[in-house]
Amino acid sequence: MSFVEYGDTIKDGDTAIVFLGHESMFPVKVQHGSKTQTKYGVIRHSTDLIGKRYGSKVTCSKGGWVFILHPTPELWTMNLPHRTQILYSTDISLITMMLELKPGSIVCESGTGSGSLSHAIIRTVAPTGHLYTVEFHQQRAEKAKEEFQEHQVEHLVTVKNQDVCKNGFGVSNVADAVFLDIPSPWEAIGHAQSALKIEGGRICSFSPCIEQVQRTCLAMEEHGFTEINTLEILLRVYNVRTISLQIPDLGKAAEDNSSTGFDSSNQSNQGSLYGILQQGTAQFKSGVPLKEMVGHTGYLTFATKSLF
Ligand SMILES: C[S@@+](CC[C@H](N)C(=O)[O-])C[C@H]1O[C@@H](n2cnc3c(N)ncnc32)[C@H](O)[C@@H]1O
């Protein structure tokens with residue numbers, strides 16, 4: 001297993017995802033002799049995990065079962081230990097596309113934070129690209145390095161422990177793209193400009209507040225960036241639900257005309273979305289938005305450095 005290459009079977013040292021349900025999963029470091037507790041009982045790594053295929057249904061000691069999933073950046077984002085606020089997959093997907101990331105891209109990032117975005121960038125630029133990520137908090141930088149090693153992607157990433165606003169990214173004229181998630185991104189725009197290739201590239205800055213965006217846009221303009229655009233992306237999730245509705249009683253004449261679409265002959269029609277559960281009630285499947293949706297995360301400001 002690695003975060004950039006699929007492995008069929010679970011091995012000693014892998015990071016696997018124990019899946020109990022969509023709302024309930026956690027990462028586990030697979031180790032000979034180790035045990036993991038779940039609400040369904042114990043999983044013994046040597047007998048229950050090592051050598052089994054990813055995606056297997058594993059029976060726990062109390063008779064319940066879980067699925068063991070191969071790690072991906074998206075699953076890691078949902079389960080990683082938070083050391084900071086992190087970016088989630090909705091923002092990450094827009095960032096990846098708008099920065100035009102692809103295998104071979106060279107990317108600069110700051111701050112590394114909890115490494116949520118870093119894992120997604122590494123997966124996208126592998127096997128020939130590279131991520132230079134800068135984090136001024138020493139423990140966070142060290143923890144990120146450790147995780148990249150555990151996830152077998154350390155050859156694709158360089159972690160630098162320094163202040164990006166003072167010292168930049170430690171590279172110049174190499175990057176295809178730069179990403180900033182720091183409180184004062186406007187102070188790092190000059191360094192971003194010089195980290196990008198001479199022939200140009202893309203930049204993105206993530207900020208929760210509009211005042212940060214305003215200062216960043218001005219700094220981008222001052223440093224010659226063009227195509228400056230600020231976007232926000234909002235995710236709406238739907239649950240599939242069976243809805244039952246009362247059919248109004250319109251009397252015998254309406255029944256005879258039967259143009260309601262809820263004809264009882266539909267009951268035997270497997271392909272139909274409608275069914276009649278009992279006399280007077282129609283049942284159908286529908287996509288229902290969740291009562292609460294994720295609100296504002298941050299503004300994403302994109303811009304281009306061009307040769308001319
Ligand atoms: C919100 S977190 C980044 C989260 C990250 N994007 C993720 O998805 O996990 C911001 C990080 O930037 C770091 N940071 C803030 N200012 C910095 C600077 N001037 N130089 C380097 N790192 C900085 C903080 O220590 C923090 O870890």
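Excluded from the calculations below are hydrogen atoms, water molecules and symmetry mates; all remaining heavy atoms, backbone and side chain alike, are included. Numbering of ligands and ligand atoms starts at 1, following listing order.
- Shown in contact with D163 at under 4.0 Å from a heavy atom are these atoms of ligand 1, numbered in order with element: 18 (C), 19 (N), 20 (N).
- Between D176 and the choices R202, K197, K102, the side chain to side chain donor-acceptor pair (under 3.5 Å) rule is met once, by K197.
- Atoms of ligand 1 lying under 4.0 Å from any heavy atom of G113, numbered from 1 in the order shown and given with element: 3 (C), 4 (C), 27 (O).
- Within the 4.0 Å heavy-atom shell around ligand 1 one finds T112.
- Close approach to G115 involves these atoms of ligand 1, each under 4.0 Å from a residue heavy atom: 9 (O).
- Rounded to the nearest 0.5 Å, atoms OG (S105) and CG (L99) are 9.0 Å apart.
- What sits closest to atom 16 (N) of ligand 1 on the protein, heavy atoms only, is F136 CZ, 3.4 Å.
- Each of the following atoms of ligand 1 lies closer than 4.0 Å to a heavy atom of S114: 9 (O).
- In this structure, atom 12 (O) of ligand 1 lies nearest to the protein heavy atom G111 CA, 3.4 Å.
- S93 places a side-chain N or O within 3.5 Å of a backbone atom of S89 that can act as its donor or acceptor partner.
- Looking at D91, I182, V164, it is V164 that brings a heavy atom closest to atom 20 (N) of ligand 1.
- The only option from D48, V28, V30 that meets the side chain to side chain contact (heavy atoms under 4.5 Å, CB included) definition with I43 turns out to be D48.
- No side-chain heavy atom of H130 sits less than 4.5 Å from a side-chain heavy atom of V107.
- Atom numbering of ligand 1 starts at 1 in the shown order; those under 4.0 Å from a heavy atom of L117 are 7 (C), 8 (O).
- Taking the centre of each ring, F169 and H191 stay at or above the 6.0 Å mark.
- With a heavy-atom cut-off of 4.0 Å, T84 touches ligand 1 through its side chain alone.
- Of the possible polar contacts, one joining the S2 side chain to the E5 backbone as a donor-acceptor pair under 3.5 Å is found.
- With respect to atom 26 (C) of ligand 1, the closest heavy atom belonging to the protein is R140 NH1, 3.4 Å.
- Between F67 and W65, the angle of the ring planes goes over 60°, which puts this pair in the perpendicular group of the 30/60° scheme.
- Assignment of Q162 to the shell around ligand 1 is supported, since a heavy atom sits closer than 4.0 Å.
- Taking every non-hydrogen atom of Q85 and a distance limit under 4.0 Å, the qualifying atoms of ligand 1 come out as 1 (C), 2 (S), 4 (C).
- Under the 6.0 Å cut-off for aromatic ring centres, H32 and H45 do not qualify, their centroids lying 6.0 Å or more apart.
- Panel note: side chain R83, backbone S114; a donor-acceptor pair is recorded below 3.5 Å.
- Protein heavy atom in closest approach to atom 10 (C) of ligand 1: D181 O, 3.3 Å.
- Scanning H137, E135, K160 for the heavy atom closest to atom 25 (O) of ligand 1 points to E135.
- Shown in contact with P183 at under 4.0 Å from a heavy atom are these atoms of ligand 1, numbered in order with element: 15 (C), 16 (N).
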